[in-house]
S.K.: 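This is the structure I have questions about; it appears just below.
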Amino acid sequence: MTTTPLLQIENLQVEFATRGGAVHAVDGVNLTIEPGQTLGLVGESGSGKSVTARAIMRLVPTPPGRYAGGRILFEGKDLLGLSDGEMQSLRGGQISMVFQDPMTFLNPVFTAGEQVAEAIRAHQGASKGEARAKTIELFRTVGIPNAEERFSAYPHELSGGLRQRVMISMALSSRPKLLIADEPTTALDVTIQAQILDLLRHLQDEFGMSILLITHDLGVVAEMCDKVAVMYAGQIVEEASIEPIFDAPAHPYTSGLLEAIPSTSNDGAQFRPIPGAPPDLARLPQGCRFAPRCRYRQAICQTTPPPRVAVSPAHSARCHFAGDFKKNEPEPAIAGRTS
Ligand SMILES: Nc1ncnc2c1ncn2[C@@H]1O[C@H](COP(=O)(O)OP(=O)(O)OP(=O)(O)O)[C@@H](O)[C@H]1O
Ligand SMILES: [Mg+2]
């Protein structure tokens with residue numbers, strides 16, 4: 001029996017018009033999130049993670065951006081086909097988003113509580129008094145101490161961790177089915193990061209929502225997610241549930257990301273950053289986008305874009321040698337390079 005996924009992205013293409021030509025920020029992305037699931041989206045800076053997230057919210061600025069193809073099905077409905085009004089009621093309603101930096105999101109001239117209460121009033125038609133009471137209750141749920149006093153605090157009067165909790169409480173106020181969290185903890189120190197991730201996990205149990213968690217940190221993915229999609233130069237290069245990705249990455253890029261985690265475990269395997277940089281998205285290489293940096297590349301990798309290869313039913317990678325790239329002799333010129 002098949003159920004409708006909560007979110008299904010099919011062959012999504014998002015481009016930006018720039019002076020250097022069209023930048024293919026998202027180029028044929030497929031992603032699926034089931035109800036209650038957490039999907040981790042990882043990849044280096046500039047790989048298209050935030051553009052993917054913004055596209056789901058239909059928040060890509062157009063122009064310079066353009067939805068150039070594909071579908072974003074939310075409970076089977078294509079978000080790219082909705083009117084602005086329909087989209088607006090979904091946004092901050094059934095789908096909400098938490099951003100990396102709460103200060104760009106919170107309005108400095110209103111108190112934290114007023115802003116959350118206003119969101120509740122806008123989406124749920126609550127009275128002023130009800131919205132205030134709900135806000136204070138939400139502040140307690142997300143672990144804001146002295147919630148009643150904090151209602152009247154301005155954003156700049158709160159610590160980074162508290163601001164992030166305010167933004168999370170706003171995102172949760174509508175009991176969304178999908179929460180998109182774009183690097184929700186990278187601006188915070190490690191202890192607060194752990195607290196916020198704990199909070200998200202706990203809230204997910206309580207609210208039963210699905211989460212799209214965007215992060216650079218594979219450790220966070222291992223702890224929080226059911227499955228992971230690895231993004232490189234606008235494409236998903238590997239997708240699987242957590243264990244296969246960490247135990248047997250099928251794509252050399254994922255393997256490289258894992259080797260780049262500073263770690264003392266893993267019997268002496270040293271910390272080794274991936275040499276080189278991602279390609280210019282306006283001038284992509286002809287073959288595999290990762291080939292210029294890949295230690296295992298062969299002639300075909302430089303001429304032919306790799307297809308998506310299923311290495312098991314729920315594990316796929318975009319690599320000509322998916323699953324057994326390590327059989328290829330690593331290129332010494334690339335292997336030996338350190339920067
Ligand atoms: N408004 C815009 N105009 C032109 N190019 C854009 C715009 N927004 C994003 N891009 C380009 O799209 C590409 C993907 O950007 P995106 O922000 O999605 O990366 P990211 O994976 O989220 O990176 P990071 O980890 O640094 O947040 C980048 O090359 C970026 O320059
Ligand atoms: Mg980003």
Side-chain angles (χ1 to χ4, degrees), residues 7 9 11-31 33 38-70 72 79-80 95-105 160 164 167 171 178-188 193 196-197 200 211-221 224-225 228-239 251 253-254 256-258 260-261 273-274 276-285 289-290 292-293 318:
L7 183 79
I9 301 182
N11 195 26
L12 181 67
Q13 316 258 354
V14 183
E15 297 175 357
F16 291 98
T18 69
R19 281 193 199 155
V23 165
H24 304 277
V26 174
D27 195 3
V29 161
N30 294 289
L31 286 176
I33 307 181
T38 299
L39 170 68
L41 186 58
V42 295
E44 279 166 296
S45 190
S47 56
K49 304 181 300 293
S50 294
V51 173
T52 303
R54 294 220 176 87
I56 300 168
M57 297 288 275
R58 280 251 309 264
L59 288 175
V60 172
T62 51
R66 185 170 84 89
Y67 299 102
I72 302 176
L79 299 182
L80 296 180
I95 309 177
S96 32
M97 186 153 168
V98 174
F99 299 88
Q100 175 175 345
D101 178 9
M103 276 319 249
T104 59
F105 175 81
Q164 197 56 292
M167 188 158 56
L178 175 64
L179 179 73
I180 301 173
D182 191 355
E183 312 257 9
T185 60
T186 35
L188 304 171
Q193 261 186 34
I196 297 284
L197 292 174
L200 283 177
I211 300 181
L212 173 61
L213 180 64
I214 297 175
T215 175
H216 281 96
D217 189 335
L218 280 164
V220 168
V221 167
M224 297 282 297
C225 300
V228 55
V230 179
M231 202 159 178
Y232 187 78
Q235 299 182 324
I236 305 295
V237 294
E238 181 160 6
E239 192 182 6
H251 195 289
Y253 179 60
T254 313
L257 285 180
L258 289 167
I261 301 176
I274 304 173
D280 177 347
L281 294 173
R283 265 184 299 270
L284 289 165
R289 293 174 185 192
F290 185 60
R293 302 170 76 187
R318 239 180 223 273

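Start at 1 and go down the list; that is how both ligands and their atoms are numbered. Owing to the predicted nature of the structure, the values given are computational and were not obtained by experimental measurement.
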S.K.: Quick one: closest heavy-atom pair of Thr185 and Gln193, and the distance?
M.R.: O-CG, 3.2 Å
S.K.: Please report which non-hydrogen protein atom sits nearest to atom 25 (O) of ligand 1, along with the residue it belongs to and the distance in Å to one decimal place.
M.R.: Lys49 NZ, 2.8 Å
S.K.: Can you check whether a protein heavy atom sits less than 4.0 angstrom from atom 6 (C) of ligand 1?
M.R.: yes
S.K.: Nearest protein heavy atom to atom 23 (O) of ligand 1, by residue and atom, and its distance?
M.R.: Gly46 N, 2.8 Å
S.K.: Yes or no: does Gly48 have any heavy atom under 4.0 Å from an atom of ligand 1?
M.R.: yes
S.K.: Considering non-hydrogen atoms only, spot the tightest contact between Ala229 and Leu39 and give its length.
M.R.: N-CD1, 3.9 Å
S.K.: Which protein non-hydrogen atom lies closest to atom 26 (O) of ligand 1, naming both residue and atom, and how far is it?
M.R.: Ser45 OG, 2.5 Å
S.K.: Would you mind listing which atoms of ligand 1 come within a distance below 4.0 Å of any non-hydrogen atom of Ser50?
M.R.: 17 (O), 18 (O), 20 (P), 22 (O), 27 (O)
S.K.: Any idea which part of Leu281 is under 4.0 Å from ligand 1, heavy-atom wise: side chain, backbone, both or neither?
M.R.: side chain
S.K.: Nearest to atom 18 (O) of ligand 1 by heavy atom, Val51, Asp182, Thr215: which?
M.R.: Val51
S.K.: Quick one: CG on Asp182 to CG on Leu41, what's the gap to the nearest 0.5 Å?
M.R.: 8.5 Å
S.K.: What's the spacing between Asp101 CG and Gln164 CD if we round to 0.5 Å?
M.R.: 8.5 Å
S.K.: Restricting to non-hydrogen atoms, name the atom on Val26 and the atom on Gly48 that form the minimum distance, rounded to 0.1 Å.
M.R.: CG2-O, 3.8 Å
S.K.: Starting at CG of Leu31, measure out to CD1 of Ile56 and round the result to the nearest 0.5 Å.
M.R.: 7.0 Å
S.K.: May I ask you to list the atoms of ligand 1 that are less than 4.0 angstrom from any heavy atom of Glu183?
M.R.: 25 (O)
S.K.: Identify the protein heavy atom lying closest to atom 1 (N) of ligand 1, giving its residue, its atom name and the separation to 0.1 Å.
M.R.: Phe16 CE2, 3.6 Å
S.K.: So for His216, does at least one of its heavy atoms come nearer than 4.0 angstrom to any atom of ligand 1?
M.R.: yes
S.K.: Could you tell me whether atom 10 (N) of ligand 1 has a protein heavy atom closer than 4.0 Å?
M.R.: yes
S.K.: Which of the numbered atoms in ligand 1 are below 4.0 angstrom from a heavy atom of Ala25?
M.R.: 12 (O), 13 (C)
S.K.: Tell me if a side-chain donor or acceptor on His251 pairs with a main-chain N or O of Arg318 at a distance below 3.5 Å.
M.R.: yes
S.K.: So, for Ile214 and Pro184, which heavy atoms are closest and what is the spacing to 0.1 Å?
M.R.: O-CD, 3.9 Å
S.K.: Below 3.5 angstrom, do we get any N/O pair linking Thr52 and ligand 1?
M.R.: no
S.K.: Identify the two heavy atoms, one from Pro279 and one from Leu284, that lie closest to each other, and give their separation to 0.1 Å.
M.R.: CG-CD2, 4.0 Å
S.K.: Is the distance from the Mg ion (ligand 2) to the nearest N/O/S atom of Ser45 under 2.8 Å?
M.R.: no
S.K.: Can you see which heavy atom on Glu183 is nearest to which on Thr215, and at what distance?
M.R.: OE1-CA, 3.9 Å
S.K.: Take every heavy atom of Ser47, measure it against each atom of ligand 1, and state whether any distance is under 4.0 Å.
M.R.: yes
